[in-house]
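Below: the structure, in structure tokens.
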Amino acid sequence: MKFWLGRTGSILLAFALCAGIQLLADQQSDFVQRLIVLAGLYVTLAVSLNLINGITGQFSMGHAAFYQIGAYTAGFIAMKFYAGAKLPPELWMILSLLTGAAVASVAGLIVGLPSLRLKGDYLAIVTLGFGEIIRIIVQNQPAIGGAYGLSVAPRFEMIWLVWLLAILCIAVCRNLLKTAHGLQFLAVREDEVASSAMGVNVTRTKVTAFLLGSAFAGAAGALLAHFEGFVSPKMFTMDVSFIIVTMVVLGGTGSITGATLAAIGLFFLPEKMRDLPNFPLGNLVATGIGIVIMVIGFRHIAANFHGKMVERVLRYLAILAIAVVIALVLGPIVSKLPTLGVPVEGAKLRMVVFAVTLIVLMLLRPQGIFAHHEFSWAWLRKVLRIDTDKKVTA
Amino acid sequence: MSVCLKLTEATIKFGGLVAVNKVSFELKQGDLFGLIGPNGAGKTTCFNIITGVYKPTSGEIEFNGKLIGGTPSNKIANLGIARTFQNIRLFKSLTVIENVVVGGFLRHKTGLFGAMAYLPAQIRETEKLRAEAMELLKIVDLADMASARSADLSYGMQRRLEIARALATQPKLLLLDEPAAGMNPQEKEELNVMVRRIRDQFQLTVLLIEHDMRFVMSLCERILVLDAGTEIASGPPDAIRNDPKVIAAYLGQPA
């Protein structure tokens, strides 16, 4: 009884959260609304890929293909049946979401079964190829718009549903990992021979992960199709797959929390950079030098300093301060030089900033921001307690 | 006593190399059986054909009256054969107790969809498996390390954890591949006592590979010696110790 009360409570809370996001988004411009939707979709994509890549350890690089299959399925059935069905939009959207998920998971099964005999790099190449094959096949089908794309008849702006899907995806992965069922996925990631000797059906586990992951990507695709009112093969290029993989790796392979936060961060970072002002080239050079000093300093501390947590953090902050001061002081000075005074368009630098952020993070924390860890209240308490313990012993 | 495991002329060839050549032996219920031989004799390969990692080229493997040659590993585990590995294969980034829970997972009865919804039945099952795992950890003396990462354990502890993980599958036959490797004399002594104790407590049949002669001789009731894939001797420890062929295999032919 207590269990069901708690469960109903958390489901209601999820709905309330999504309704809140919808209410907030309604007051924003179309551009911001679109960002909120795409961020939600990327969270779903990253968390679902994390189930395949991070939790089950099967390095898949073709996630955009499942996204695309979901989107086109939704677009296609809307074109054929929406006018005749006369369903309320919410119900139609949920049906379309389920169909998108089902078709994408069938595709997941078709790729999964033969290619899961492969490991590591080889699997990555096959899934990458699969992603491109799907895109090119779609591009050459006049029935679904070919290279021009397909317009999806009713446009729905159900921002709440996008975030509900994201929350559902997170909840499913989290629940799996809390039960013994989830451990078999982790076991397969850690050691296939040993998990097989312990009675785990390795093939079935991998295929299940692929099915689930691609189903969520397909559902996200269906939402995208109805939100944009248009799908085209250009929306599902290799870049999209790479961005999703980057989100998973950067967040910490296997961490749901990491994938979620990295998806939001990596999605908004380049968007924020659009507002970057113009500045002289000298400042850019100085910032670069500052970043290099920061990376070298941080790595030096990580390798050589083994003292107390507080002193460690202080050292990091000191290095950071030095780097910032160098960037700020050196910038105006070198900008006086004739060639370095040329102005740079800040907005065009956004992909450079994106790339540099990735490089710096990978240098400083190759295991990803969260590594294998998850956020939980117990974890937070533990981290805080470790800190206080160390203060006491000092 | 009923026959637990029976190999009849089991043979496996890798290309031109005959790794295990017509090996036959029989384990009775409750036996403590040792498999020894110089490096490359085919001992681990023997384990691999019993546990379904490899399919034997010819010959029969019978477990509790059922032919199991070529059955996939996970099904063999379900039939009741569990093993440990020579080069420890733990799930390194999982905790000690999680490793053991994976071993017990083959007895799960609840469905995957329920696990995704985190339903009470799945929660109870997970708690039950964790409680059982904790009992096993007490037996191998790792209970206070339960929430440590398994990769952080010492070598001897990792070997004991492998045994606990294998026991979690509730096997009838336990295969131990060099369980004492890398242990100091005291740890070996404790392991000796522990293997006997778990054999009696769980009514197991134990087949083990080991290089430490003193350990094998004191623990096993019967021993089979392999050399270059072929059986060269078998019998009780005392007979093996004095067998000229065994001495020749280990120390070389007298000039």
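Lettering of chains follows the sequences in order, A, B, ..., and the numbering in each one begins at 1.
Interface check for chain A: of the options P72(B), A117(B), G103(B), the most heavy-atom pairs under 4.5 Å are formed by A117(B). Residue with the most contacts toward chain A among L112(B), L79(B), L90(B): L112(B) (heavy-atom pairs, distance under 4.5 Å). For the set I123(B), V101(B), L129(B), V102(B), the entry with the most heavy-atom pairs within less than 4.5 Å of chain A is V102(B). The candidate with the highest count of non-hydrogen atom pairs below 4.5 Å against chain A, out of G104(B), A166(B), A115(B), is A115(B). Ranked by heavy-atom pairs under 4.5 Å with chain A, the list P120(B), A82(B), G114(B) is led by P120(B).
In this structure, chain A has heavy atoms under 4.5 Å from both the backbone and the side chain of S93(B). Contact annotation for L119(B): both backbone and side-chain heavy atoms come within less than 4.5 Å of a heavy atom of chain A. Of the two parts of E98(B), the backbone and the side chain both hold a non-hydrogen atom closer than 4.5 Å to a non-hydrogen atom of chain A. Using a 4.5 Å cut-off between heavy atoms, L212(A) touches chain B through its side chain atoms alone. With a 4.5 Å cut-off on non-hydrogen atoms, T84(B) does not touch chain A at all. Of the atoms belonging to V193(A), heavy atoms from both backbone and side chain fall under 4.5 Å from chain B. For T208(A), the part sitting under 4.5 Å from any heavy atom of chain B is the side chain, from C-beta outward, and nothing else. Residue I76(B): no heavy atom, backbone or side chain, is found under 4.5 Å from chain A. Using a 4.5 Å cut-off between heavy atoms, R174(A) does not touch chain B at all.
Relative to the six-membered ring of F63(B), K6(B) misses at least one condition, a distance below 6.0 Å or an angle of at most 45° to the axis. Cation-pi geometry between R165(B) and F91(B) is met: the NZ or CZ atom falls under 6.0 Å from the ring centre, inside 45° of the normal.
Atom CZ of R196(B) sits in a crowded spot, with more than 12 heavy atoms from other residues, nucleotides or ligands closer than 6.0 Å. Around atom CZ of F14(B), more than 12 heavy atoms belonging to other residues, nucleotides or ligands sit under 6.0 Å away. Other residues, nucleotides and ligands contribute over 12 non-hydrogen atoms within 6.0 Å of the CZ atom of R312(A). Atom CZ of R130(B) has 12 or fewer neighbouring heavy atoms from other residues, nucleotides or ligands inside a 6.0 Å radius.
F33(B) and F25(B) have their aromatic ring centers within a separation under 6.0 angstrom.
Under the 30°/60° scheme for interplanar angles, the aromatic rings of F105(B) and H108(B) are found to lie parallel.
A salt bridge between E192(A) and K206(A) is present, with a side-chain N of the basic residue lying under 4.0 Å from a carboxylate O of the acidic one.
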